[in-house]
2 protein chains.
Amino acid sequence: MKSIMNMVMDDIDRKIIDLLSGDARRSLADIGAAVSLSPSSVNERIKKLLADGVIKRFTIDIDPAKLALPVAAFVWIALREGADEAAFRAFAREDRHVSECHHVTGAWSYLLKVQVADLAALERFLATLKESGFLARSETVIALSTVVAPPFRVKDT
Amino acid sequence: MKSIMNMVMDDIDRKIIDLLSGDARRSLADIGAAVSLSPSSVNERIKKLLADGVIKRFTIDIDPAKLALPVAAFVWIALREGADEAAFRAFAREDRHVSECHHVTGAWSYLLKVQVADLAALERFLATLKESGFLARSETVIALSTVVAPPFRVKDT
DNA sequence: AATGAAATAAAAAAGTC
DNA sequence: GACTTTTTTATTTCATT
């Protein structure tokens, strides 16, 4: 089976992932010292983790507030009967405000997480959503504060 | 005011952030070519963005499924009357399954996002939550599929 | 702030076990 | 797979504008 071919991950790989999660700029020598491996071996393992898609990319974790996007909100979506679900998904993928979009169990069909400049921007986002014609109804919950934040990065353009 | 002292960000900084978001291993020369700046100038700007906390860290984006954590779920939390909220927040910060925790508006007090190995692990997590004594009640919504995923990284240990 | 040149450090490649 | 050595590339520092 191709998808799991050569995908044996061991404790060293997991440790490398831990270390890179904390600081992706650590040198191969530094990581090697931590896992008792030569820099080249670490390099080979990282290349393999990338090739296997375990590591999706090297990126930066940004403070959204410092990028003038301090407001996070969750939007529950019930799609209108007969809505073009593929188009809705494309909208979620492309819209810069949407940082997460999940198809979910329960009373609603989708849950969006959006990251915006202020409540006015949130209101405009919701207006856009309504105008797009996907929705039967929606419900919005605002994050007053965040205790555990996922990494934030700007969407590809 | 100290918190905003020297925090003038321009279009070049934003472009550098865009480029690093897409691939944090791009060389300074490469980024410099994209923004018409020398490698040293790009280096100085990145250092400043780190010092200012705009860039929180260089990290990797992992595929949680390939780390054997394929199940994402959202847990709405109503805290029990008189619950130790600081202790609840500490729990959320420390528990490895909790990838997000937000204090939210609306009928519930908190929203957690958890990333687990399977439904059994989710059940165990919810049991732990209940045993901890923070909850009045909770409601769990499972992500059937994810259209837009935030970066995922392992929590600091 | 930005630059180029010099110095240092790191990563990638090649070849061996 | 992992190691060492060599080569190539990248980063950092620093004096100058």
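Lettering follows sequence order; numbering is per chain, from 1. Computed over heavy atoms, backbone and side chain alike; hydrogens, waters and symmetry mates excluded. Treat the numbers as computed from the prediction; the structure is a model and nothing was measured.
For A:A29 and A:E44, each mapped to the nucleotide of DNA chain C holding its nearest heavy atom, the one lying further toward the 5' end belongs to A:A29. Between B:S40 and A:R26, the residue anchored closer to the 5' end of DNA chain C is B:S40, taking for each the nucleotide with the nearest heavy atom.
In this structure, A:P70 and A:A117 approach most closely via the heavy-atom pair CD-O, 3.2 Å. Closest approach of A:I62 and B:S21 over heavy atoms only: CD1-OG, 3.5 Å. Contact detail for B:R80 and B:G133: the closest heavy-atom pair is NE-O, 2.7 Å.
Taking atom CE on B:M9 and atom P on C:dA1, their separation rounds to 14 Å, with Å as the unit. Atom CD1 in B:I46 sits roughly 16 Å away from atom P in C:dA1 (whole-Å rounding). In this structure, CG of B:N43 is placed 17 Å from P of C:dA5, rounded to the nearest angstrom. The separation between B:L28 atom CG and C:dA1 atom C1' is 16 Å, rounded to whole Å. For the pair B:D30 CG and C:dA11 P, the interatomic distance rounds to 17 Å; values are reported in whole Å.
With salt bridges taken as basic N to acidic carboxylate O contacts below 4.0 Å, none links B:D63 and A:K56.
Nucleic acid contact class of B:S27 (heavy atoms, under 4.0 Å, all strands): sugar-phosphate only.
Aromatic ring orientation, A:F74 versus B:F74: perpendicular (interplanar angle above 60°, classes split at 30° and 60°).
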Subject >> From CA spacing to verdict: ring-ring contact (aromatic ring centres under 6.0 Å, His included), A:Y110, A:F88 >> reply: CA-CA 10 Å; A:Y110 284 89; A:F88 170 75; 4.8 Å; yes
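Under 4.0 angstrom from either OP1 or OP2 of C:dA2 there lies at least one side-chain N or O belonging to B:R45. Proximity of B:S41 to the phosphate of C:dT3: a side-chain N or O atom is located under 4.0 Å from OP1 or OP2. Dashed line: the shortest gap from a side-chain N or O of A:K47 to OP1 or OP2 of C:dA12 is under 4.0 Å.
Contacts between chain B and DNA chain D, taken as any atom within less than 4.0 angstrom of a protein heavy atom, begin and end at D:dA10 to D:dT13.
Residues A:K155 and A:V98 form a side-chain contact, since some pair of their non-hydrogen atoms from C-beta on lies under 4.5 Å apart.
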